[in-house]
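Note sheet for the following structure.
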Protein chains: 2
Amino acid sequence: MTNIKEIARRAGVSPSTASRALSGKGYVSEEKKRKVLAAAEEFDYAPNLNALSLKTGTTRRLGLVAPEFAESVSLFTGGFVRAAEEAGYTVTLFITGYDKSKELEALEALRRKQVDALVFVLFQSELPLIAPYVKYGPIVSWQRLVHERIPSVFMDQYDGYMLALEHLYAKGYRRICNVYGASTRLNTQSRIEAFADFCRKYGLDPGVCPSFQNMGDTEDGERLVHWWLENGRIPDAFATTNDRVAAGMVSEARRLGLRIPEDFAVCGFDNLDFAHMLDLTTIHYPVDEQAGNAFAIIRSQIEETDLPLKPLKFHLVERATT
Amino acid sequence: MTNIKEIARRAGVSPSTASRALSGKGYVSEEKKRKVLAAAEEFDYAPNLNALSLKTGTTRRLGLVAPEFAESVSLFTGGFVRAAEEAGYTVTLFITGYDKSKELEALEALRRKQVDALVFVLFQSELPLIAPYVKYGPIVSWQRLVHERIPSVFMDQYDGYMLALEHLYAKGYRRICNVYGASTRLNTQSRIEAFADFCRKYGLDPGVCPSFQNMGDTEDGERLVHWWLENGRIPDAFATTNDRVAAGMVSEARRLGLRIPEDFAVCGFDNLDFAHMLDLTTIHYPVDEQAGNAFAIIRSQIEETDLPLKPLKFHLVERATT
DNA sequence: GGTTGACCTGCAATCGATGTCATAAATTAT
DNA sequence: ATAATTTATGACATCGATTGCAGGTCAACC
């Protein structure tokens, strides 16, 4: 439509002068500046960002790669986008559905300069496949990992899980069942350590209940209740990997007429939206702020400054299920 | 990095030939084609999308404008992004926080050719402010509205609400309380009509219970329960604007020791994730598919074809609260 | 043998901005 | 009065691709 040449013509100056007038850089006489600005106003000029991106080699656009938009991912996304917009960046979404080839597409988008940087929320690909792409722009991960070129903004869940265990102990529960998430995640390892330390501290037998791994969905929680009803004495309390599993346990228990926390207690993790509706005791996970930190790291790398990260802490939200 | 000129040089041809070889358009001898492809492979060539966008004036990037990233918005977003990626488009997110100036930024992004089109999920701005921007690219709305240049993919909630009312009637509830959403929304009007028709059909007195408007949050639901406990005989059933309100009512009732549906029934709307956890009877709203339709409309306009839209229907999901 | 048309290739323009450079006028310093 | 500096401006190259056009070869056809 109306480009800068057109504006220059209308104002009776060269494109260079028009550019200077509009950007405010370099020398321009007051008079011509006025004319250019007037022409820009009149003919509704807006710079073409693609031209700028080509020229500068940068887009002020970041890519966010996530498998889907469930609860905590959308929290993270919201926090990330807000932080980015605040600083004048824009965010492009890549949804992978746990498909590695889709993850590759996001990496290619970085290579083709469609985005300046990438944040991986959760991913499937092997690290050695992702790593070479850092030469095209910063890559940050939410998922916990160890790599010298790809920082991750994870929080070690040892502390958070210990919070849950201590709370259950304080409430008088002794036979505690661990409901862990994916066994491959480093956080599961942290939680296992936390439990071991917890048992040592209070002289409890770590083997009093079996632990469970790879639990993640509401359905897992529902099944778990049934498993226990059919296989021996139900534990005093469950410390779970996330609120979804916890919610599944709580709602299934209610359906079966069991009372919570009298028949058994449940502590969730994450403090998602619906935890409040279910009156679920849980550990609050500051996903929002963490997303802000992810952005800060990216921005630090892009702008070669050193932005401070917000220190984050888990905290207990006590409700009615413990 | 490595651009097409570099590849051309390495392959011993001109950039034009290299371009033709890479794109497969126009005549290129087999031999040179091989050489170009080999060079591209060897030197890890990837086209700069910004250059392409500048040249073609199109980005294959769409903007999605939403106030925040809560439940149903993220469902819509997920559906939209999946549909877009399927067709080779990418989606950039604009989160407004109900701030009109942020909505304007999204519109400006369209004008500056950062995106080819926009979809507004929910917005605050007046239509006459948005409308002029359609000359820069298609704009579609999820929020229901009437405008000849801005199509909206709303579903008239008359049918869905009637489904809820009929269900409550069939279950034997007669004193039904309407819990409506924002009074400014056209959908609220549709629901009021549905209720009027419903009462006429069954010879019920529409004024048997007061109706409520501008309910939207969990907290509204919680307050509503208290209001009724303090102000007269509680209705047999509540037909609500969305699951959040319904969830607030259900969870507050449980907290207060009331039994559902014996003391009162509640029917939600949307069938969000957590409805299952709360065993909430609700009306399923096919947000996913609707987002797909929103994309189809945009694509039709961009590519000047005429893609079919998927016909959508509400349906009842009966659970334990009615 | 000359015309036609398919095939192949590279030059140069283009998309819309920025920025370097040369040139020149106006101003200040010496 | 002259040198040095600041101010002002436009021509032109550049970012990285695509594409119209002109010029060329070569086989086929009449």
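Reminder, nothing fancy here: chain letters follow the sequence lines and each chain counts from 1. All values derive from a computational prediction rather than experimental measurement.
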Counting side-chain heavy atoms from CB outward, which of dT19(D), dC15(D), dA17(C) is closest to I4(A)? dA17(C)
Can you tell me the distance, in whole Å, between the CG atom of L49(B) and the P atom of dG16(D)? 13 Å
Given side chains that start at C-beta, do those of D288(B) and F80(B) come closer than 4.5 Å, heavy atoms only? no
Are Y89(B) and F295(B) an aromatic pair, judged by ring center distance below 6.0 Å? yes
Got a second to check how far R111(A)'s CZ is from D44(B)'s CG, nearest 0.5 Å? 4.5 Å
Provide, to the nearest angstrom, the distance between the CG atom belonging to L54(A) and the C1' atom belonging to dC15(C). 9 Å
Atom NZ of K5(B) and atom C1' of dA13(D): how far apart are they, to the nearest Å? 10 Å
Just by modelled atom types, is the L272(B) backbone N or O under 3.5 Å from a matching donor or acceptor in the D270(B) side chain? no
Rounded distance in Å - CG (N50(A)) to C1' (dT14(C)): 15 Å
Look at R34(B) together with E30(B) and state whether they make a salt bridge at an N to O cut-off of under 4.0 Å. no
salt_bridge(E6(A), R10(A)) N-O dist < 4.0 Å: yes
Between dT18(C), dG16(D), dC11(C), which nucleotide gets closest to the side-chain atoms of S16(B)? dC11(C)
Check whether any side-chain nitrogen or oxygen of N48(A) sits under 4.0 Å from OP1 or OP2 of dG16(C), and answer yes or no. no
When the C1' atoms of the five terminal pairs at each end define the local axes, what inter-axis angle does the helix from dG1(C)-dC30(D) to dT30(C)-dA1(D) show, to 10 degrees? 50°
OP1 or OP2 of dA17(C) sitting under 4.0 Å from any side-chain N/O of Y45(A)? yes
Is A46(A) touching bases, backbone alone, or none of the nucleic acid, heavy atoms closer than 4.0 Å? sugar-phosphate
Starting at atom NZ of K113(B), determine the distance to atom P of dA17(C), rounded to an integer number of angstrom. 10 Å
Could you check how far NZ of K55(B) sits from P of dC15(C), rounded to whole Å? 7 Å
Nearest-Å distance for atom pair CZ/P, residues R111(B) and dG16(C): 15 Å
Is the distance between the ring centroids of W142(B) and F154(B) less than 6.0 Å? no
Rounded off to whole Å, could you give me the NZ-to-P distance for the K25(B) and dT9(C) pair? 19 Å
Find every protein N or O atom lying less than 3.5 Å from an N or O atom of nucleotides 7-9 of chain D, and list the pairs.
residue: dT7(D); atom: OP2; partner: Y27(A); partner atom: OH; Å: 2.6
residue: dT9(D); atom: OP1; partner: S29(A); partner atom: OG; Å: 3.1
residue: dT9(D); atom: OP1; partner: K32(A); partner atom: NZ; Å: 3.4
residue: dT9(D); atom: OP2; partner: S29(A); partner atom: N; Å: 2.8
residue: dT9(D); atom: OP2; partner: S29(A); partner atom: OG; Å: 3.0

Parallel, tilted or perpendicular: which fits the ring planes of F123(A) and F120(A), with parallel below 30° and perpendicular above 60°? perpendicular
